[in-house]
4 protein chains.
Amino acid sequence: MSKQFVWPIRVYYEDTDAGGVVYHSQYLNFLERARTEWLRSLGFDQSVMAKTHQLIFVVRKLSIQYRKPAVFDDAIEIVSSVTAMSRCTITFNQKIMRNNEMLTETEVEIASIDHHHFRPVAIPEIIKSAMNGV
Amino acid sequence: MSKQFVWPIRVYYEDTDAGGVVYHSQYLNFLERARTEWLRSLGFDQSVMAKTHQLIFVVRKLSIQYRKPAVFDDAIEIVSSVTAMSRCTITFNQKIMRNNEMLTETEVEIASIDHHHFRPVAIPEIIKSAMNGV
Amino acid sequence: MSKQFVWPIRVYYEDTDAGGVVYHSQYLNFLERARTEWLRSLGFDQSVMAKTHQLIFVVRKLSIQYRKPAVFDDAIEIVSSVTAMSRCTITFNQKIMRNNEMLTETEVEIASIDHHHFRPVAIPEIIKSAMNGV
Amino acid sequence: MSKQFVWPIRVYYEDTDAGGVVYHSQYLNFLERARTEWLRSLGFDQSVMAKTHQLIFVVRKLSIQYRKPAVFDDAIEIVSSVTAMSRCTITFNQKIMRNNEMLTETEVEIASIDHHHFRPVAIPEIIKSAMNGV
């Protein structure tokens, strides 16, 4: 069974819009920060992976439901888990929480590609195992 | 049948990331610019609607497929059409094109809410009619 | 004499551009995060100040020198100090450091204004004293 | 004497913050769009220059004064002129105007560098001549 990774984020002015709430595309940035920090917490720095393996992760598809808005100064948490894996992709479920309220829910598929040719490459088994908590 | 609205956008440095391509959340900004300009082309300025009707549009849910990346200096086009309407929501299909290549495809549901109380309000019939090209 | 406040920031993909480095306007966001966290660390939440005192801070002028670029995955630090204060303004010096290297140096003047009328208002003495470390 | 270049920009939700105005770092993005379009209007595409000459432009220093805020839906204009040139740098004055009101004024120094080694390189004379309107 998949592990869960929780990453705290603070909402700043830069994240908000004139509607008084976090701008809708900004949540995607929060989600990527959480995926990046999950990898880092397992010992994988993407800057190292890009240099040594020419491997980068890109978002292939994403669906998000906006339930309640986050506002300036909010302390929120990104709760991430892996729901599927294939040779070259990982699918995450990511919830943005403010205390016990779910603000947004996202399903996002990430693909591993070659940095130079933008072609799919296999995700190293060591990363998959680490994320699955095996 | 729904009209189609085409809006051209130029890709600047600010839109790109160190992978050399447009950052994945930035496409959502492009899509909103196109929806805003469609409304404006029909005579509806959202700043006026917010002041006179306390009505603002928010993104309720969105799914996007990333097929090919846009890069710095690209001249792209957002091709938008309406696929569904309800009392308080409009659903759009929006394709980002570079010449005849489709780069991303998105389904996005927008809700009309009251600016102060964040509660759903009916979308004025005059807007629905204008978007439907009736 | 003014205190110093140090705030750590991690560079994510969203902060970079196709040149492979942090996009030049993004440093300004980092600097504001540091000013916000300094205030918070002294007990002042800007969301509370906006609601209870109708007081918000805005940037009046700013000058920045870019010496070396930050790149993806960098762990940087914002080192902030106060260099001048007037009735309605605070001037900060803010350096962005990567270990012992200075990447950017900024002088920024912040003004305290009334949220509704956008007119200058006096900065509460309690905030000035706290920042001065008196 | 230097030419002047005027570039129109529309303010979208993505550009604003919860204070109801354009977020202060976003003006820097507007300014770069104007510089990019000035070069393009003279026949120089930066993506081509990066590929064929390994030459990219970076911001070396910048000072900006914020006088009045732009708000959502504003139609603004960036008025740019060249105030100085050296072997590897160009200094611009850039004003953001809304009708006859000046919202911000900026002095920005751009340097021409080698894309791979990040070292200063001479700006091609053909670009300098074109910008000077000689």
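Order of the sequence lines fixes the chain letters, A, B, ..., with proteins taken first and strands second; residue numbering starts at 1 for each chain. What's counted below: heavy atoms across the whole structure, side chains too, no hydrogens, waters or symmetry copies.
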message: What part of D:Y23 gets within 4.5 angstrom of chain C, counting heavy atoms only: side chain, backbone, both, or neither?
response: side chain
task: Check each atom of C:F118 against the heavy atoms of chain D and say whether the ones under 4.5 Å are side chain, backbone, both or neither.
output: side chain
query: Out of C:S63, C:A111, C:S25, C:G19, which one racks up the most heavy-atom pairs below 4.5 Å with chain D?
result: C:S25
message: Using the rule given for side chain to side chain contact (heavy atoms under 4.5 Å, CB included), can you reason through D:M131 versus D:F44, listing the C-alpha separation, both sets of side-chain angles and the distance that settles it, and then say yes or no?
response: CA-CA 11 Å; D:M131 297 207 107; D:F44 306 107; over 6 Å; no
- prompt: Just by modelled atom types, is the D:L31 backbone N or O under 3.5 Å from a matching donor or acceptor in the D:Q94 side chain?
  reply: yes
- prompt: Is the shortest side-chain N to carboxylate O distance from D:R119 to D:D114 below 4.0 Å?
  reply: no
query: Taking D:R60, D:Q26, D:Q65 one by one, which has the highest count of heavy-atom pairs under 4.5 Å against chain C?
result: D:R60
task: Quick one: which of C:E105, C:E109, C:E32 has the most heavy-atom pairs under 4.5 Å with chain D, could you say?
output: C:E32
message: Using a 4.5 angstrom heavy-atom cutoff, name the option from D:I56, D:T106, D:V59 with the most pairs to chain C.
response: D:V59
query: Looking at C:P69 and C:L103, what are the two nearest heavy atoms and their distance?
result: O-CD2, 4.4 Å
query: For D:V11 and D:T16, which heavy atoms make the closest approach, and how far apart are they?
result: CG1-CG2, 4.2 Å
- prompt: Do you know which of C:V108, C:V58, C:L62 has the most heavy-atom pairs under 4.5 Å to chain D?
  reply: C:L62
